[in-house]
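Quick caveat, the model's predicted, so the values are computed rather than measured. Because only heavy atoms are used, hydrogens play no part in the values below, and waters and symmetry mates are left out as well, while side chains stay in. Chain letters run A, B, ... following the sequence lines, proteins first, then strands; residues in each count from 1.
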Protein chains: 2
Amino acid sequence: MTRSPSDNLTAAAHRATLTDRYAAWRELGYDASRCPVRNVLDHLGSKWSTLLLIALAEKPMRFNALLREVPDISKRMLTQTLRDLERDGLVARRVFPTKPPSVEYRLSAMGESVLGPLTALVGWAEQQFPEIERARARFDAGDATEHAAADEQPAAPTARVALAPVSASG
Amino acid sequence: MTRSPSDNLTAAAHRATLTDRYAAWRELGYDASRCPVRNVLDHLGSKWSTLLLIALAEKPMRFNALLREVPDISKRMLTQTLRDLERDGLVARRVFPTKPPSVEYRLSAMGESVLGPLTALVGWAEQQFPEIERARARFDAGDATEHAAADEQPAAPTARVALAPVSASG
DNA sequence: AGGATAGGTCTACAATGGAGACCTTCTGCC
DNA sequence: GGCAGAAGGTCTCCATTGTAGACCTATCCT
C-alpha cells in the first residue's frame, strides 16, 4: 500500500468532500429519499446493476443475450434490474416490431457517463483484491481486533470513565 | 504510475477496460467468487457499507457514536456491516480497556484508499441526481420504452425474422 | 406436430434485513 | 442500596427481497 504524501493530500480532500455530503444529509433531517448519494447508490449498489451496466458497456444487447451473458442471473431479476436502470434513465429500452418482438437494451448518455466512476471503482477493486483476501484470511484466523494499551484514549464521546485506574483484561 | 483513477480516459477507454474485466470473468468460468470485481463490489454495494465508510472518513468513531450518526441503521446491521468492513481490512477495530470497554472504529489505509473512487461515484450521483429524478418522473408517467421503426434492426443475434413485413402497434 | 426462440410473468421457497427486547458491567445520583 | 443510563453487543421474530424455475403467447424451422 505504498502511499505518497500527495496521496495523503488527496485523501484529505476526499474526506472533506464526503464529510460535506454527509453534513448536507444531516441537514435534510436524515431523509434518505432526498439524499442524492443514498438515493442513487442504493440502486447502483444492487448486486446486478453494476454487472449489467458493465455488460451493456460493451455493446447494446437483447434480453436473452444478456441472460446468456450473465449466466447466474434469473429472468425475474434481469427484468427487474433492467426496469430499475431504465427508470433511472441509465439504460434505454427499444422494442423492434419483429415477430416475435425483439427488445434491445443499451446505455443512455447518462449510462455512459457512469462508466468513468465505475471504472475507477472496478480498478480499485482489482488492485486491492489480493490485499483484501489477505485481510480476510487474517480475520478468519482470529487475528482481528486490536487491543489498545490501557493509557490510550478512545475516540471521543466518553471521557466519562476513560481515566479510571484500570487493570486491563477482564 | 500513480494515475488518477478517472482523469482523462474517454468513454471508449472505460468501455474497453470494463469489457476486459468482463472477459476475464468469463474465462474464469463465470465464477463470481474468483472475480475481484464482483467479490469486492458485492460488499461495497451493500446498503450501509458506503455510508459507514463516508461517516468514518470524517473521523474515527465509536459504536454508539456511529449509531447516532446514522440514525436509520439498526444495531444489528451496524455490527454486521462493521464486521464485514473489518474482515475486508477497510476498517480497523480497537478496543480500549476502559470500564465499560470502548470500541473505536477507524478507516485503515486501505479504507482511505477507497475514498477516491467513492468520491468520484458520489460526485457523479450528486451531479446526475436532477436528471435521474427527471428520468424517473418520465418513466412513471408512462413515457418510457421507445418503439423502433419497422425497418430498423435490433441488436444482433436474431436476424432470423427481423425482415418479415410487420404492422407495428401492439 | 414438436421444439426452439423471443420476452417476459407468476408462484413457491429461501435468504436477508430491520425492529426491538435482552444482557452485563460500570457509573452517577438520591 | 437501588435505580437509571451508557457502553457494545447478541438474539429472536417478522417482513421484505432474491432465487429457481414453471408457465405463457406467438412465430418459425423441420
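For P100(A), counting side-chain heavy atoms from C-beta on, the closest listed nucleotide (dA6(C), dA20(D), dG18(C)) is dA6(C). The listed nucleotides are dG8(C), dG18(C), dG8(D); the one nearest the side chain of S74(B) is dG18(C). Comparing dG8(C), dA6(C), dG8(D) by their closest approach to the side chain of R62(A) singles out dA6(C). Relative to the side chain of R83(B), the nucleotides dG8(D), dT10(D), dA20(D) differ in distance, and dT10(D) lies closest.
Across the protein-nucleic acid pair, D84(A) atom CG and dG18(D) atom C1' stand 13 Å apart, rounded to whole Å. dA7(D) atom C1' lies 11 Å from atom CG of L67(B), rounded to whole Å. E104(B) has its CD atom 14 Å from the P atom of dA7(D), to the nearest Å. Taking atom CE of residue M77(A) and atom P of nucleotide dG8(C), one finds them 15 Å apart after rounding to whole Å. Going from atom CD of Q80(A) over to atom C1' of dA20(D) covers 15 Å, rounded to whole Å. Per the geometry, CG belonging to D72(A) stands 15 Å off P belonging to dG18(D), to the nearest Å. As a whole-Å value, the separation of L66(A) CG from dG8(C) C1' is 14 Å. In this structure, the CG atom of L78(A) is 13 Å from the P atom of dA6(C), given to the nearest Å.
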Pair up each side-chain donor or acceptor in residues 76-83 of chain A with any protein partner under 3.5 Å, not counting sequence neighbours, and list the distances.
from: T79(A); atom 1: OG1; to: K75(A); atom 2: O; distance (Å): 3.0
from: T81(A); atom 1: OG1; to: M77(A); atom 2: O; distance (Å): 2.7

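Within 3.5 Å, a donor on the side chain of R76(A) pairs with an acceptor on the base of dG18(D), or the reverse.
With respect to the salt-bridge test (charged N to carboxylate O, under 4.0 angstrom), the residues K47(A) and D42(B) do not qualify. The existence of a salt bridge linking D31(A) and R26(A) is excluded, since no basic side-chain nitrogen approaches an acidic carboxylate oxygen closer than 4.0 Å. Ion pair R21(B)/E126(A) flagged as a salt bridge, since at least one NZ, NE, NH1 or NH2 atom sits closer than 4.0 Å to an Asp/Glu carboxylate oxygen.
Between N64(A) and dA6(C) there is a side-chain N or O to OP1 or OP2 distance below 4.0 Å. Between R68(A) and dA6(C) there is a side-chain polar atom (N or O) within less than 4.0 angstrom of OP1 or OP2.
Atom CD of E69(B) and atom CD1 of I54(B) lie 11.5 Å apart (nearest 0.5 Å). Here CZ of R106(B) is found 4.5 Å from CD of E104(B). Values are rounded to the nearest 0.5 Å.
If you check residues 40-56 of chain B against DNA chain C, the residues with a heavy atom closer than 4.0 Å are K47(B), W48(B), listed by number.
With sequence neighbours excluded, no residue forms a ring pair (Phe, Tyr, Trp, His ring centres under 6.0 Å) with W48(B).
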